[in-house]
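Owing to the predicted nature of the structure, the values given are computational and were not obtained by experimental measurement.
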Protein chains: 2
Amino acid sequence: MTGAFDAFSPLCPSRSVVDDVTDRWPALVLIALLEKPHRFAEAARTVGGISDRMLSRTLTTLVADGLVVRTDHGEQHVEYELSASGHHIATALKGVVTAVYDVMPEILQAKAIAASA
Amino acid sequence: MTGAFDAFSPLCPSRSVVDDVTDRWPALVLIALLEKPHRFAEAARTVGGISDRMLSRTLTTLVADGLVVRTDHGEQHVEYELSASGHHIATALKGVVTAVYDVMPEILQAKAIAASA
DNA sequence: CAGGATCCAAGATGATACTG
DNA sequence: CAGTATCATCTTGGATCCTG
């Protein structure tokens, strides 16, 4: 692979990070933060369909992983922004979403065929 | 965003594909197939820790999405390989894994600090 | 080898309500 | 606003057994 890490091995520390990052909510939240720092409620609005609970939990783990930085500005004003590591990963994730957009026509066609079969 | 699709909207068809693709098993399976086509048992070995059941399910949905092509060579010999769409997405996913490898040192450090706090 | 069927534990998730 | 606590539920994922 690239060197010391191997995401295919369940024992490699990189595996758990890959698992964390390639989960539905973490992935979407990271991409959302890529655009700009978000406040809690703001992030909830950006990422459609996420509940307060999941957003809270997701942000907590991302902060624990050092991918997101939480800053308490007081006055009930908290901001979440990407760390350098988080930015690096979020950019890659955005690439995945972009790739999905690229091939959506083919995917929709494949699904249509599957559905009609 | 890029155009007609918006993964942040729960209603956009791209959202479900992004969800599918950014799940632990699908992501790892796609990356595994990026290297070369795999037979069933072969894929199970490559992706450490996956059970037959999950591999079967995962491959089924990936085939349904048109990202993976299943070819039955008879004689109990089946091969799974990426379609053009799948290859495009898998490449992007590999980028995510690579990005994770890149920042693993920082992540491990962050976790260590969090654990000792 | 390929993979479906069944059973079941554990965790993910959402809605709601509540706190500072 | 920024969360946390609780509850009910749905899904995930593994183990095991079975078929062709």
Side-chain angles (χ1 to χ4, degrees), chain A residues 7-11 15-30 32-33 36-65 68-82 114 117, chain B residues 7-11 15-30 32-33 36-65 67-82 114:
Chain A
F8 286 131
S9 165
L11 300 176
R15 168 66 168 268
S16 68
V17 177
V18 170
D19 280 354
D20 278 359
V21 155
T22 63
D23 243 14
R24 57 189 309 223
W25 297 129
L28 290 172
V29 169
L30 285 172
L33 292 180
K36 66 177 176 60
H38 279 64
R39 298 179 60 161
F40 188 89
E42 195 179 7
R45 257 175 283 117
T46 300
V47 181
I50 195 171
S51 62
D52 282 2
R53 205 179 97 86
M54 278 304 108
L55 179 56
S56 174
R57 181 196 266 278
T58 299
L59 286 171
T60 300
T61 73
L62 291 176
V63 169
D65 282 349
V68 169
V69 178
R70 190 198 119 114
T71 308
D72 190 336
H73 290 277
E75 303 292 322
Q76 287 81 44
H77 182 171
V78 178
E79 269 205 346
Y80 294 90
E81 63 186 317
L82 296 175
Chain B
F8 286 131
S9 165
L11 299 176
R15 168 67 166 268
S16 67
V17 177
V18 170
D19 279 353
D20 279 359
V21 155
T22 63
D23 243 11
R24 59 188 308 221
W25 297 130
L28 290 172
V29 168
L30 286 172
L33 293 180
K36 65 177 176 61
H38 280 64
R39 298 179 58 164
F40 189 89
E42 195 179 7
R45 258 176 282 117
T46 300
V47 180
I50 194 172
S51 65
D52 283 1
R53 200 176 97 91
M54 279 303 107
L55 179 56
S56 176
R57 275 171 72 105
T58 299
L59 286 171
T60 300
T61 72
L62 291 177
V63 169
D65 282 349
L67 303 182
V68 170
V69 177
R70 190 197 119 115
T71 309
D72 190 335
H73 291 277
E75 302 292 322
Q76 287 80 42
H77 182 170
V78 177
E79 270 206 346
Y80 293 91
E81 63 186 317
L82 296 175

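In this structure, B:Lys36 NZ and B:Thr46 OG1 are separated by 6.0 Å, a value rounded to the nearest 0.5 Å. Taking CG of A:Leu55 as the reference point, atom CH2 of A:Trp25 lies at 9.5 Å (rounded to 0.5 Å). Considering CG of B:Leu67 and CG of B:Leu33, their distance stands at 10.5 Å, rounded to 0.5 Å. Considering CG of A:Asp65 and OG1 of A:Thr60, their distance stands at 11.0 Å, rounded to 0.5 Å. In this structure, the separation between CZ on B:Phe40 and CD on B:Glu79 is 14.0 Å, given to the nearest 0.5 Å.
For B:Leu55 and C:dC1, the CG to P distance is 13 Å, given to the nearest whole Å. Atom CD1 in A:Ile50 sits about 12 Å away from atom P in C:dA15, given to the nearest Å. B:Arg57 has its CZ atom 11 Å from the P atom of C:dG4, to the nearest Å. Atoms CG (B:Asp52) and P (C:dG4) sit 11 Å apart, rounded to a whole Å. The separation between B:Arg53 atom CZ and C:dG4 atom C1' is 10 Å, rounded to whole Å. If you take CD of A:Glu75 and C1' of D:dG3, they are 17 Å apart, rounded to a whole angstrom. Distance, A:His77 NE2 to D:dA2 C1': 11 Å, rounded to whole Å. The nearest whole Å value for the distance from the CG atom in B:Asp72 to the P atom in D:dG20 is 16 Å.
Contact between the side-chain N/O atoms of A:Tyr80 and the OP1/OP2 oxygens of D:dG3 is found at a separation under 4.0 Å. At least one side-chain nitrogen or oxygen of A:Ser56 sits closer than 4.0 Å to the OP1 or OP2 atom of D:dT4. Distances shorter than 4.0 Å separate some side-chain N or O of A:Arg70 from OP1 or OP2 on D:dG3.
Using modelled atom types, no side-chain atom of A:Arg39 and backbone atom of A:Tyr80 make a donor-acceptor pair closer than 3.5 Å. A donor-acceptor contact shorter than 3.5 Å links the side chain of A:Thr58 to the backbone of A:Met54.
Out of D:dG13, D:dG20, C:dG14, the shortest distance to the side chain of A:Met54 is found at C:dG14. Nearest to the side chain of B:Trp25, among D:dG14, D:dT12, D:dG3, sits D:dG14.
The stretch residues 39-48 of chain A touches DNA chain D through A:Arg39, A:Phe40, A:Ala41, each having a heavy atom within less than 4.0 Å of the strand.
Within 4.0 Å (heavy atoms only), B:Gly49 reaches sugar-phosphate atoms of the nucleic acid but no base atom.
Toward the 5′ end of DNA chain D lies the nearest nucleotide of A:Gln76, the other residue of the pair A:Thr60 and A:Gln76 mapping further downstream.
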